[in-house]
Structures are given as structure tokens and as C-alpha cells.
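Below: one structure, written as C-alpha cells.
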Amino acid sequence: MKLAPPPAPIRHNGHAHAAKLAVPSAEFTHFDFHTVTWQADGFGFDATTGEFFTASPTALLVMQSLSEKLNRQQILERITSTFEVARTTAERDLESFLAELAHLGLTKDSN
Amino acid sequence: MNSSPIIAVTGLHRGENPQPGSAVIRSLRRVYPELRIIGLVYDSLESGLFSEEDAPDAAFTMSYPGAGVEAFWQRLDAIREIERFDVLIPCLDAEMGPLVDSPEKLRERGIHVCLPTAASFQCRDKSKLSELCERTHCRTPQTIAVNDVNSLHQAAATLGGNVFVKGRYYEAKRALTPAAREAAYWHMIEQWGAPVLVQENVEGEEYNVIGLGDGRGNILGSCSMRKMLRTASGKGFGGMVVRDPQLDAIAQSLIAELRWNGPFELEFVKPDGPRGEYCLIEINPRFPAWCDFPSTLNCNLPAAALELALGWQPREPLRRPMPGKFFIRHAIDMTGDIRDLAALTTTGQLIRQAHEPITQPAFAHNA
């Protein structure tokens, strides 16, 4: 599974940093999205197919938000409050990522 | 029967296409470390003979399947004059036919087995798979049995050209061109005899289910895995445990329909994409080479098969392996001794015992 390029994560001291997710996401250890169980470190395992994946912090945030049944606007809010990213950029990347999830049969076309 | 049963196991070569026998021995010894196990081999270089961990206590050479069924039984009788084994666990496809066809010969010799009936064995034959799948509503690639080269090409054309050419008992070669198909056809004829099977190629991930049937339609224990690594010939060299209710339901339906008794392996391909459905490629009527992996996860199917054959109460319950556990095959070098090779080659038998090391020849000091 290829994920759309995520918005740049917040940087501290010039180093790329896997940003902590916005409340309530910050506390999770794992969550289920479709048939994949995702860990907080971005590793996902599908027990029905035996496949495993990695996801960027942004992709993880989006999938967790979807698993919590948030809508597009709420997900966008969560992305922009978590990552240092222009709203238009976040909106474009979110659309692209959701389209890919729909193409893979992991979500419905509209959210 | 011996006070402590003696077990005979075949298929001890773990080469490029590993045979299951050594994995069966290893699993049996996990539960019954003191069990006496003898290996029945077709070649004195079967690698399992030289393993420190899962070698049999003794080994005997068998007559080749090509020598005929009578020679097979005669050799079995001759071996039992020396080592009167009580249970036979056959691990090679070509051995299964003569055994399931003659349960009375096994009974009169007092040999216990855990095998399907001849009827259920026939129903899972590669050439009859589509009928079985129709009855169980399971998808399977279109397969055509052929006996000559003209039929081979016609079958390939019918199936769109991109096909697998498969041996009656074992082996499959993907063949895209007429020349490749013919080469594969003659190879299969030479190795396994007629008919040769031409099978539509279904691309996707491969899933296997190993299990043990009780002969009444139930599965006593099973483990499903996705092949993570494949050799050039398509053999699984690594696998991840999966748990998919859809796969479980298909397996249950097939085993119930067959009323399968004994070990089995179901091979599936699932085309990529959300709409991909499991497609049954074949049913192996024996343990596969990865059968010791579930044993490490408290699902010891070879030990359960032994208990079933002997009518014993299971010593350990069969648990369902957890998804996320996986195996990776690791090829290592075995050390053999020329005297073992000599014994097997000249007398057809090898009773394992510790050897004194061969001393260095005197001339080596002068070199």
C-alpha cells in the first residue's frame, strides 16, 4: 500500500520529527482501520492477509481519524493543528490520500 | 504392536524443494522425545539422515515408485523383518496412491496409518478439483488433463496461453510459449507420468492451510499462512500466520465434503484487490514441509496424527496459532560420514550410532 506524500512534520532543532498526534490521538497505542491494526510507531499488520505496512505520521493520523468516524473537515482541523502545514496543502494531500484509500477499497468514496 | 510404538517416516530430503519427513520427525520428538523413528528413504543422500536434531534412529532404502506396487510392499515387508514398525507416516505424494488403495494390506500387517479413504483421496485429485469446488462453491482455476502434445497446446489456447503445466503428483512450471509448454510437458511425463495438467494462471498472493481431518468432516486443528518468501519454483520459504474467517470457512467446507481423514494442505491463490476471492489451486494429501512451524506454536499436527492413528488420547490440545507469528526457512550444511553412506548404499540400511572420528592418515604429516 503506497500512501500519498504527507505534509512535512513539525521540525525541532532542524531534525525531522515524528510529531505527536493531536488530542485525543496522542495517547493511543494501537487502533484498527479496516482489517489493519496500526501501532503508534506507524507499523500496521493485517491479520487476515498477513501483510504488513508502514505509514507516515500524517497517514496514521488520517486513518485513526477515519476509524473514529471524523469527517473531512474535522480531519483537516486535526492535521493543521498537529503539523506545520498550509491549509490548502493539507487539503490537497488529504484529498489525494482519501482517494487512494477509496481506490484500495478501504473507504467509501465520500466521507 | 511393540510396547513403545516404532514410527516409520518417508520424505527426508530438505533440499531446494524440501520434503516433509524431517519436519514430521522434529514435531513428533517435541511431544514424544523417546519415540523410536525409522526413515524410509529413496536416496542415500537424503539430507535428513545427517541432521543432528531430527534424523531418524535408523534408515532403510525403499524401492523407487517406478518399480511398481508389488516391489513397494515386498520392500516394506523386508524392512519390517528387521525393524517391525507399527505406524507409517507417508510424506510423499507418489506413495499415497498404493497406500490408500490397499487399507487391507496395511491392516493385515498391523501397520497403523492416518490416511483418507480411497474415495476422498480421488475426489481431491488435481484432475477432479473443479468438481469438488463446484460442490463446495469454491473458486478454482480451470484445469485440463492432457495425454499428448496436441492436446497440451489446445488446452493452453483454451486457457488463454498463460498457463501452468503441472505434474500428476507434484511440480508445476509456468509456461508462456509453446516451446516452454512442450519442455514442461515432457519433464512432467518423465517425472510423474500421465496425465499432465494444464492450469489457468491466477496471479496473486498465495495462502496455505495445513490441518488434520478426523474422517467425519471435522478439522481437529489447523494453521493458515500467507507465503512471504517463495523460491524460484514457487515453494514457500517463509510464511506468516493469518486468520481469515472466509478462508477458515472454505477449508471447513472442503474437508467436510471430503470427510477427510489425516493430514492435508490446501493451497490457494487470492488475486490482488478488494474483490479478490480465494482460488483453490490444489489439495496435498499429506503434511507439507512447513508442518513443524505450527508445532512451535502449540499446534502439533504430526503428534496429533500419530495419536489419531494409534487411537490414543491427545497429549496436548491443538491451539490455533496467532496471526503475526511467522517462519523463515534457513538452509544449513549437514556433516555426514562416509561409513553411513556406505552402509546405506551397500546394505540398504543404516542404524545410527556415534562414530569414532576417522584418524588423519599418516602421510598427511609428511605433506
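Just so we're on the same page: letters track the sequence lines, and every chain starts at 1.
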Could you measure the distance from the [atom1] atom of [X] to the [atom2] atom of [Y]? Nearest 0.5 Å is fine.
X: A:Glu51; Y: B:Glu205; atom1: CD; atom2: CD; value: 5.5 Å
X: A:Phe52; Y: B:Met240; atom1: CZ; atom2: CE; value: 5.0 Å
X: A:Asp46; Y: B:Arg226; atom1: CG; atom2: CZ; value: 9.0 Å

Tell me whether the count of non-hydrogen atoms from other residues, nucleotides or ligands lying under 6.0 Å of [atom1] in [X] goes above 12.
X: B:Lys235; atom1: NZ; answer: yes
X: B:Arg243; atom1: CZ; answer: yes
X: A:Glu95; atom1: CD; answer: yes
X: A:Arg87; atom1: CZ; answer: yes
X: B:Phe326; atom1: CZ; answer: no

**Asked** Heavy-atom distance under 4.5 Å to chain A: side chain of B:Met228, backbone, both or neither?
**Response** side chain
**Item:** Segment of B:Tyr207 engaging chain A (4.5 angstrom heavy-atom cut-off)
**Value:** side chain
**Asked** Which pair of non-hydrogen atoms, one from B:Val242 and one from A:Thr49, has the smallest distance, and what is that distance?
**Response** CG1-C, 3.3 Å
